[in-house]
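See structure below.
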Amino acid sequence: MSALLAPGAKVRVRDDWPETRGPCHIRTPHYLRGARGVVEKHLGAFPNPEDLAFARPAAVLNLYHVRFVPQTIWPDAKGEAIVVELYESWLEQAA
Amino acid sequence: MTTLLETPPDRLLAAVRQLLTAKGVFTQAEIAERIRITDNASPAQGARMVARAWTDPEYRARMLADGAQAAEELGIPMRGMPPLGVLEDTAEEHNLVVCTLCSCYPRAVLGYPPFWFKSAAYRARAVRDPRGLLVEFGTTLPEQVKLRVVDSTADYRWMVLPLRPAGTEGWTETQLAAIVREGDMIGVTFPKLP
């Protein structure tokens with residue numbers, strides 16, 4: 001596990017598409033790939049479901065609630081916040 | 001010869017149960033207990049938690065900190081269930097739960113999800129046009145109330161702790177629990193007086 005991200009930390013979801021490379025199990029929705037958000041809360045640490053799904057040894061990863069502004073994803077979005085559970089392996093620090 | 005696909009499902013189920021017990025994975029008693037727990041899971045369980053939170057500030061604090069522990073406190077079995085997170089509605093902010101990936105749902109406290117929860121339309125619209133979606137459920141969210149959509153994607157299951165409606169002052173916990181519906185704990189509707 002990496003160092004904990006504090007509430008308020010700015011992050012970017014990796015713009016990665018493992019599903020184009022072969023069979024996989026991903027809990028990071030398509031619409032968030034490459035999106036910028038803010039860490040709201042640390043939710044704990046859990047074995048990586050991307051490995052569990054294939055019965056592979058799974059590293060324990062930090063899980064965060066990350067908040068996004070919907071209009072940065074869809075300009076016509078209606079709503080003030082989208083909050084999603086994301087594993088640290090999908091998050092990059094953003095400026 | 002009958003293929004697996006043609007075998008009556010009851011016979012397949014009986015065979016799997018026999019194999020599991022023969023191999024010592026579970027006992028018949030454990031299977032019966034699990035079936036009993038699943039049958040008892042319904043929105044009435046979550047409603048009991050909401051009603052307790054409305055009447056007991058200390059329970060409310062414990063429920064917001066750890067939903068699963070708060071459920072256990074009311075006798076709702078949570079062993080083997082994912083962690084339960086509770087989203088607190090306020091006068092300024094309303095929560096709406098969706099699982100855009102599949103159908104994650106807090107079954108221990110809400111039972112089986114309603115059919116529309118898994119529909120592609122609900123999942124797509126809840127994140128992109130949640131205000132329009134609420135209107136279709138007959139819910140009017142005041143303009144100044146912020147709408148926070150929680151996309152349940154991973155290890156938690158989420159339920160909404162709605163605001164206690166005006167006009168319920170002095171009501172008992174049982175009376176309060178009776179007006180809390182599944183949609184109120186998903187966030188598509190608000191508890192209403194009968």
Side-chain angles (χ1 to χ4, degrees), chain A residues 1 7 11 13-14 17-19 24-33 35 37-53 58-91, chain B residues 64-69 81-90 92-106 120 123-136 139-160 187-188:
Chain A
M1 288 194 288
V11 291
V13 180
R14 285 197 295 113
W17 300 84
E19 48 274 80
C24 55
H25 173 85
I26 299 174
R27 301 292 186 91
T28 301
H30 290 181
Y31 68 86
L32 289 177
R33 310 283 170 87
V38 174
V39 171
E40 201 170 77
K41 193 181 175 190
H42 179 239
L43 292 173
F46 298 89
N48 189 351
E50 297 180 13
D51 291 319
L52 285 184
V60 174
L61 299 177
N62 284 310
L63 183 68
Y64 296 96
H65 241 178
V66 181
R67 189 174 66 244
F68 299 87
V69 176
Q71 291 74 20
T72 61
I73 301 167
W74 301 288
D76 64 349
K78 303 282 191 302
E80 284 66 43
I82 298 175
V83 182
V84 187
E85 288 153 80
L86 295 169
Y87 293 94
E88 60 181 333
S89 55
W90 276 92
L91 300 177
Chain B
L64 292 172
D66 184 343
Q69 211 181 316
M81 297 290 179
L84 174 66
V86 178
L87 307 163
E88 182 184 32
D89 270 11
T90 65
E92 292 80 39
E93 191 172 58
H94 172 64
N95 291 280
L96 174 70
V97 181
V98 62
C99 174
T100 61
L101 295 181
C102 49
S103 57
C104 292
Y105 194 72
R123 286 151 54 196
R125 293 195 53 210
V127 280
R128 189 162 177 165
D129 181 20
R131 277 187 192 269
L133 185 138
L134 288 186
V135 169
E136 285 178 31
T139 301
T140 316
L141 188 69
E143 194 69 25
Q144 74 280 6
V145 177
K146 289 182 180 157
L147 182 50
R148 180 172 180 264
V149 178
V150 174
D151 187 358
S152 177
T153 54
D155 282 275
Y156 272 67
R157 300 295 177 268
W158 301 97
M159 69 177 279
V160 175
V188 291

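Labels below follow one simple rule: chain letters A, B, ... track the order of the sequence lines, proteins then strands, and each chain is numbered from 1.
Between the side chain of B:Tyr156 and the backbone N or O of A:Leu43, at least one donor-acceptor pair lies under 3.5 Å.
The CG atom of B:Asp151 sits 11.5 Å away from the CZ atom of A:Arg27 when rounded to the nearest 0.5 Å.
For A:Ile73, no part sits under 4.5 Å from any heavy atom of chain B, backbone or side chain. With a 4.5 angstrom heavy-atom cutoff, B:Thr100 touches chain A only via side-chain atoms. Proximity to chain B is limited to the side chain of A:Glu40, based on heavy atoms less than 4.5 angstrom apart. Using a 4.5 Å cut-off between heavy atoms, A:Phe68 does not touch chain B at all. With a 4.5 Å cut-off on non-hydrogen atoms, B:Val145 touches chain A through its backbone but not through its side chain.
Counting heavy-atom pairs closer than 4.5 Å to chain B, the top-ranked of the candidates A:Val83, A:Ile82, A:Leu86 is A:Val83. Per-residue heavy-atom pair counts under 4.5 Å with chain A were compared for B:Val149, B:Val98, B:Val150, and the maximum is reached by B:Val149.
Atom CD of A:Gln71 has more than 12 neighbouring heavy atoms from other residues, nucleotides or ligands inside a 6.0 Å radius.
Ion pairing between a basic and an acidic side chain is recognised when a charged N comes within 4.0 Å of a carboxylate O; B:Arg131 and A:Glu80 show such pairing.
Scanning all heavy atoms of the two residues, the minimum distance from B:Pro130 to A:Gly79 falls at CG-CA, 4.2 Å.
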Quiz item: Stepwise, does the side chain to side chain contact (heavy atoms under 4.5 Å, CB included) test hold for A:Asp76 with B:Arg128?
Solution: CA-CA 8 Å; A:Asp76 64 349; B:Arg128 189 162 177 165; 3.3 Å; yes
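A side-chain contact (heavy atoms from CB on, under 4.5 Å) with B:Thr153 holds for exactly one of A:Val84, A:Thr28, A:Leu63, A:Leu32; it is A:Val84. Shown are B:Leu147, B:Leu134, B:Asp129, B:Leu133; of these, the side-chain contact (heavy atoms from CB on, under 4.5 Å) with A:Lys78 is made only by B:Asp129.
When side chains are defined from C-beta on, B:Val127 does not count as touching A:Pro70, because their heavy atoms never get closer than 4.5 Å.
In this pair, A:His65 and B:Trp158 present their aromatic rings parallel. The plane angle is below 30°, not in the 30 to 60° band.
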